[in-house]
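What follows is one structure encoded as C-alpha cells, with my remarks underneath.
Counting begins at 1 with the first residue of the sequence. Remember, it's 1-based here, ligands and their atoms both numbered in the order they're listed.
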Amino acid sequence: MTTYRVGVIVGSISANSINRRLATALERLSGQAGLELTEIPIRDLPLFDHDLEPDYPATARDLKAAIAAADAVLLVTPEYNRSVPGVLKNALDWASRPKGTSPLAGKPSAVIGTSPGQVGTAVAQQHLRSILSFLNSPELAQPEAYVRTTPGLITDDGEVTDPGTADFLARWLRAFRDHIARELRPLG
Ligand code: FNR
C-alpha cells in the first residue's frame, strides 16, 4: 500500500491547543491508514500584507514549499466566533499568493476540528470548505468530522481515551486516504 505524505496545518498557536492534541492523535493513528502526517508550522508567519508580495517572506516561502512537497493537506481547525481563526486564514492567504502559484490548487485536502461546544467546529469547517473550494483544493466531502472535546478525551501525547472516538478517527483517516488515492490517480 502506498503511504501518502500529508502536511498538517493546525489553526491554533495556543500552547494548550486541543486541536493540536487532536492532530497528535491523528498522527498516532495515521500509520495504520497508510498516511504519514507532518505538521507545517504557521506560528512565525507575519500578518499578510499585499505590499510584501514582491519580496515574499522566507516563512511564507517555506509554507508554500512544504505544501507543495506534500501529497495532501489536513487542516485541523478550532472555531473562533463561528468562523476560522485568524492565524489559519492568514496562513491560507500567504499560501494562495502570488496569484497562479498556489500549491493548494489541485492538492487534496481534508478538514477536521474540535471544540468543547455542542456543534464541535461545524460552522468554522463550513467557512474553511468555502475557502478551499475557491483555492481549487479538492476536499474530502464525507464523512464530516466534528469532534466534541470533553475533559480527558485526548491525552497530551495524543492517546484517544474513548474507543468509539478512536475508531471513528481511524475510519475517517482511511476515508481521507481513499480520497487522496482517487484524486492523485492518473487520468486515462
Ligand atoms: C472560542 N471558542 C469557540 N468554540 C466554539 O465551539 N465556537 C465558537 O464560535 C468559539 N469562539 C471562540 C472565540 C475565541 C476568540 C476563543 C478564544 C474561543 C472556544 C474554543 O472552542 C476553545 O477555546 C478551544 O480550546 C479553541 O481551540 P484550541 O486553540 O484549544 O485548539
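- For K64 and Y56, the positive end sits near the middle of the six-membered ring, less than 6.0 Å away and at most 45° from its axis.
- Between L169 and V160 the shortest side-chain heavy-atom distance falls below 4.5 Å.
- Rounding to the nearest 0.5 Å gives a distance of 4.0 Å between CD1 of I112 and CH2 of W172.
- Residue S115 places at least one N or O, backbone or side chain, under 3.5 Å from an N or O of ligand 1.
- Protein heavy atom nearest atom 11 (N) of ligand 1, with residue, atom name and distance: N81 N, 2.9 Å.
- Protein heavy atom in closest approach to atom 22 (C) of ligand 1: P116 CD, 4.0 Å.
- Residue R20 has no N or O atom closer than 3.5 Å to an N or O atom of ligand 1.
- Checked by distance only, ligand 1 and S14 stay at 3.5 Å or farther apart across all their nitrogen or oxygen atoms.
- Atom 30 (O) of ligand 1 has its closest protein heavy atom at I18 N, 3.0 Å.
- Some N or O of R82 is nearer than 3.5 Å to an N or O of ligand 1, by distance alone.
- For ligand 1, the polar-atom distance check against S17 finds a nitrogen or oxygen pair separated by under 3.5 Å.
- For the atom pair CD1 (I18) and CG (L153), the distance works out to 9.5 Å, reported to the nearest 0.5 Å.
- In Q142, the CD atom is crowded: over 12 heavy atoms of neighbouring residues, nucleotides or ligands sit closer than 6.0 Å.
- The shortest distance between side-chain heavy atoms of T38 and V8 does not fall below 4.5 Å.
- Nearest heavy atom pair, residue I40 against residue G7, reads CD1-CA, 3.7 Å.
- At least one side-chain heavy atom of L128 sits under 4.5 Å from a side-chain heavy atom of L75.
- For atom 14 (C) of ligand 1, the closest non-hydrogen atom on the protein side is Y80 CD1, 3.8 Å.
- An N or O contact shorter than 3.5 Å is missing between P78 and ligand 1 by distance.
- When side chains are defined from C-beta on, R20 counts as touching E39, because their heavy atoms get closer than 4.5 Å.
- Here the heavy atom of the protein found nearest to atom 7 (N) of ligand 1 is E79 OE2, 2.8 Å.
- Distances below 4.0 Å separate heavy atoms of N19 from the following atoms of ligand 1: 27 (O), 28 (P), 31 (O).
- With hydrogens left out, the protein atom closest to atom 29 (O) of ligand 1 is S12 OG, 2.6 Å, a heavy atom.
- Distances from atom 2 (N) of ligand 1 to the protein include at least one heavy-atom value under 4.0 Å.
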